[in-house]
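All of these numbers come straight from a predicted model, not from anything done at the bench.
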Amino acid sequence: MVEDFAVLDFALVDAPPRDVAQALARAEAPDPANGKGKPAGLLGRLIGRRVAAPSPAAPLLVQPRGTLPAGVLAREMVDDMGFGGADREIRLSAPIGPAKHTLIEFRERSDAGPSPRLAALSRALPKAEVLAFRLTGGRHPGGEYGFTVFRGGSVVRALRIHRASAEDDWQRSQTGSPHPLEEEAPPDPSDPGGLISPSRQAALLAALGIDADELLVDRSAHSAVLELSTHAGGTPPAALPAPRPAAPAPVAPAPAASNEDRANWEDELTTLLVAAVTDGLTEEEQVPWLDAMTADLEAGRTEAALDRARALLARGTRPHAERDAAATRLAQLFGLES
């Protein structure tokens, strides 16, 4: 990956993309007690920005795949001295590595400590573990690298090195008890930045069975991808279906689907349906349609669900080949492939 950026943040969480999307939407929703969203950054309030930031009251919505930039979601410049919140564009991809983590890509503009966005996500997903990584590229005047572990909304482990310029010495800090991954990726005691150097970050990912060089580059194995932003016209994450597949009449006895297979089935189905509803329905029509689809699936009416999906795909505006491929894959997922 070409390091033509200033700061890059990403995280891994042991929860499926649908659950992560819904948790992020809950965590970042405006506070109903005062009718206001989170306050804007200090510089934004005092002098504004050249490009208008999304309203803090605007909800996170699931957008059609391809809405967000194809490359990494990184900060191109260290331009705001750490003030302001994170840009509200997020990509969720799964499965990642043998443990089937969900990858969270986002731009974090808070530099003073652990990510507020990930802390809020961790509070909304108290049973999940969030592993956060920060690294810097050629556009950063100095450097910063970090590894942070969130559980239940709290930081239970944090490793960080940073320096303001290339001429400065690395400053090191660590809190909490070592994570089990650290035993498989010990620091280099002879390296001043070895506490959490890029090579150690790569070793931590390797301990999870993940290739650091390919993680943000090769997306071919990501069967479930959700793109979130505050752009109007998307689908509320709360409306994402969580159906259970109805088993077709088997020709011969077959082993029951594992929890992992079921989760992968749901993630892929969610991705296909979100793309269809955002392409073929208005925002007002999306939730009722998804409710009806979920009711069909929960009642075992898979043929009716497939007919409903095919009718929606026929209304869409995407290329015919793309919609035909989606219809074929839905039939396979429903066990109704002819």
Donor-acceptor contact below 3.5 Å, side chain Gln22 vs main chain Pro237: yes

Side-chain heavy-atom pair Asp213, Asp218 within 4.5 angstrom cut-off: no

Short side-chain to backbone donor-acceptor contact, Thr102 and Ala15, under 3.5 Å: yes

Whichever hydrophobic residues join Leu73 through chains of side-chain contacts under 4.5 Å: Leu68

Geometric class of the Phe147/His179 ring pair [parallel <30°, tilted 30-60°, perpendicular >60°]: perpendicular

Main-chain N/O of Leu228 paired to Arg91 side chain as donor or acceptor, under 3.5 Å: no

Met293 vs Pro241 side-chain heavy atoms within contact, under 4.5 Å: no

CG on Leu330 to CG on Leu306, rounded to 0.5 Å: 6.5 Å

Evaluation steps, salt bridge (charged side-chain N to carboxylate O under 4.0 Å, His left out), between Arg117 and Glu108: CA-CA 8 Å; Arg117 163 171 279 167; Glu108 178 62 73; 5.8 Å; no

Heavy-atom donor-acceptor pair, Thr328 side chain to Asp324 backbone, under 3.5 Å: yes

In one Ile/Leu/Val/Met/Phe/Trp/Tyr side-chain cluster, 4.5 Å: Leu273, Val287: no

Any donor-acceptor N/O pair, Thr136 side chain to Glu144 backbone, under 3.5 Å: yes

Donor-acceptor contact below 3.5 Å, side chain Arg88 vs main chain Ala58: yes

Nearest non-hydrogen partners of Leu92 and Ala21, listed with the distance: CD1-N, 3.6 Å

Atom pair CG (Asp296) and CG (Asp307), whose distance is rounded to the nearest 0.5 Å: 9.5 Å

Presence of salt bridge, Arg107 and Glu89, under 4.0 angstrom: yes

Side chain to side chain contact (heavy atoms under 4.5 Å, CB included) evaluation trace for Val277 with Leu290: CA-CA 8 Å; Val277 298; Leu290 287 167; 4.0 Å; yes

Any side-chain heavy-atom pair of Asp169 and Arg163 under 4.5 Å: no

Asp188 side chain vs Gly194 backbone, donor-acceptor pair below 3.5 Å: no

Contact check, side chains of Gln174 and Leu195, non-hydrogen atoms, under 4.5 Å: yes

Lys/Arg N to Asp/Glu carboxylate O, Arg65 vs Glu227, below 4.0 Å: no

Student check: side-chain heavy atoms of Val217 and Leu215 closer than 4.5 Å: no

Counterpart residues, salt bridge (Lys or Arg N to Asp or Glu O under 4.0 Å), relative to Glu129 (two or more places apart): Arg151

Single hit among Ile196, Asp9, Leu205 for side-chain contact (heavy atoms from CB on, under 4.5 Å) with Phe133: Leu205

Heavy-atom closest pair, residues Ala11 and Val130: CB-CG1, 4.1 Å

Set of ring pair (Phe, Tyr, Trp, His ring centres under 6.0 Å) partners for Phe150, sequence neighbours left out: none

Results of salt bridge (Lys or Arg N to Asp or Glu O under 4.0 Å) for Arg329 - residues two or more places apart only: Glu268

Close side-chain approach of Arg157 to Thr175, heavy-atom, < 4.5 Å: no

Evaluation steps, side chain to side chain donor-acceptor pair (under 3.5 Å), between Asp168 and Ser165: CA-CA 5 Å; Asp168 294 333; Ser165 71; 3.1 Å; yes

Passing option when Tyr145 is tested against His162, Gln201, Arg200 for side-chain contact (heavy atoms from CB on, under 4.5 Å): Gln201

Donor-acceptor contact below 3.5 Å, side chain Ser122 vs main chain Gly152: yes

Euclidean distance, Gln286 CD relative to Leu312 CG, rounded to 0.5 Å: 9.5 Å

Arg318 backbone acceptor or donor facing Arg323 side chain under 3.5 Å: yes

Distance-minimising heavy-atom pair for Thr278 and Gly233: CG2-O, 4.4 Å

Verdict with supporting geometry, Ile90 and Glu105, side chain to side chain contact (heavy atoms under 4.5 Å, CB included): CA-CA 6 Å; Ile90 308 170; Glu105 298 176 66; over 6 Å; no

Atom of Ala276, atom of Leu313 and distance for their closest heavy-atom approach: CB-CD2, 3.9 Å

Single-linkage hydrophobic cluster Phe106~Leu60, side-chain heavy atoms < 4.5 angstrom: yes

Leu208/His101 under side chain to side chain contact (heavy atoms under 4.5 Å, CB included): CA gap, chis, key distance, verdict: CA-CA 9 Å; Leu208 291 168; His101 282 87; 4.1 Å; yes

Non-hydrogen atoms of Glu284 and Pro288 that approach each other most closely: O-CD, 3.4 Å

Interatomic distance, Thr302 atom OG1 to Leu333 atom CG [nearest 0.5 angstrom]: 12.0 Å

Glu214 and Arg219 ion-paired at < 4.0 Å: no

Side chain to side chain contact (heavy atoms under 4.5 Å, CB included) between Phe10 and Ile104, worked out: CA-CA 6 Å; Phe10 65 89; Ile104 307 174; over 6 Å; no

Gap separating the CG atom of Leu204 from the CD1 atom of Ile210, nearest 0.5 angstrom: 10.5 Å

Interatomic distance, Leu118 atom CG to Leu125 atom CG [nearest 0.5 angstrom]: 11.0 Å

Glu303, CD: over 12 other non-hydrogen atoms inside 6.0 angstrom: no

Least distance between heavy atoms, His222 atom then Pro95 atom: CD2-O, 4.3 Å

Backbone N/O of His231 and side chain of Gln63: donor-acceptor pair under 3.5 Å: yes

Beyond-backbone contact of Leu181 with Val149, side-chain heavy atoms, under 4.5 angstrom: no

Any side-chain heavy-atom pair of Val13 and Leu131 under 4.5 Å: no

Shared hydrophobic cluster for Val72 and Val225 (ILVMFWY, side-chain gaps under 4.5 Å): no

Partner residues of Glu285 under the salt bridge (Lys or Arg N to Asp or Glu O under 4.0 Å) criterion, sequence neighbours left out: Arg315

Members sharing Leu61's hydrophobic cluster (side chains within less than 4.5 Å): none

